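On a predicted model such as this, the values are computed, not experimentally measured, just so you know.
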Amino acid sequence: MATVLARGPHPSGIVNLGTAGALRPGWAGTHVIGSVIQHDLDNAVLASLTGEIYGAPIGLPEDGGPVLATGDSFISDEAARARLAALAPLVDMEGYALASAAQQAGVPLRIVKHVSDEAGDGAARTWRETVAGCARVLADWTARNVPVLP
């Protein structure tokens, strides 16, 4: 996405569809994300070394939507899940990078996530079992919520 945005011209907006793990009990269904955080950068250490803050939260156009925590690791243990649940109800592996690229290009981004699993023990197996159904749900969401251009 960053390469396409760097080449231009810019679209009027971007919609990202994907799956997310639920970090808190009771989270299911489809959610339009309100902000994203980067959960696997140690900002305090990086700031002490460089004097700069990396991975600051990024707000998205969906005011009031849930927080999405993004990181490079698949959350599949209960300790990591509990730690992240204090920060956000949902977790993925790409939302923050997409939000950062869109923000730098000045293009509005909507991130839409369907809960595929409860992040923690067994999440990898559950995701594999549910991803096709999640894709169908997100396709239906798109048909109802994203206008088709002429």
Kindly indicate whether the side chain of [X], heavy atoms from C-beta on, has any atom under 4.5 Å from the side chain of [Y].
{"X": "Leu17", "Y": "Ile111", "answer": "no"}
{"X": "His39", "Y": "Val91", "answer": "yes"}
{"X": "Val112", "Y": "Thr30", "answer": "yes"}
{"X": "Ile58", "Y": "Ser35", "answer": "no"}
{"X": "Pro108", "Y": "Ile14", "answer": "no"}
{"X": "Leu5", "Y": "Val107", "answer": "yes"}
{"X": "Leu68", "Y": "Lys113", "answer": "yes"}

Polar side-chain atom of Ser100 near backbone of Tyr96 as donor-acceptor pair, under 3.5 Å: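 No.
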Side-chain donor or acceptor of Arg81 paired with backbone N/O of Leu23 under 3.5 Å: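 Pair found, side chain donor or acceptor close to backbone of Leu23.
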Look at the side-chain heavy atoms of Ile, Leu, Val, Met, Phe, Trp and Tyr, link any pair under 4.5 Å apart, and say whether [X] and [Y] land in one connected group.
{"X": "Val4", "Y": "Leu109", "result": "no"}
{"X": "Val146", "Y": "Leu138", "result": "yes"}
{"X": "Val15", "Y": "Ile33", "result": "no"}
{"X": "Trp27", "Y": "Trp141", "result": "no"}

Shortest non-hydrogen contact from Met1 toward Leu98: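 Taking Met1 first and Leu98 second, the nearest heavy atoms are CE-O, 2.9 Å.
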Ala22 to Val115 - nearest heavy-atom pair and separation: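 Of all heavy-atom pairs spanning Ala22 and Val115, the closest is CB-CG1, 3.8 Å.
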Side-chain ion pair, Glu78 and Arg83, N-O less than 4.0 Å: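 Looking at Arg83 together with Glu78, the answer is no, because their closest N to O distance does not fall below 4.0 Å.
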Sequence neighbours excluded - side chain to side chain donor-acceptor pair (under 3.5 Å) pairs with any residue from residues 9-24: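 Qualifying pairs: Thr19-Trp127.
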Contacts of type side-chain contact (heavy atoms from CB on, under 4.5 Å), residue Arg136, not counting sequence neighbours: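 Result, side-chain contact (heavy atoms from CB on, under 4.5 Å) vs Arg136: Ala132.
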side-chain contact (heavy atoms from CB on, under 4.5 Å) assessment of Val36 paired with Val67: CA-CA 6 Å; Val36 291; Val67 175; over 6 Å; no
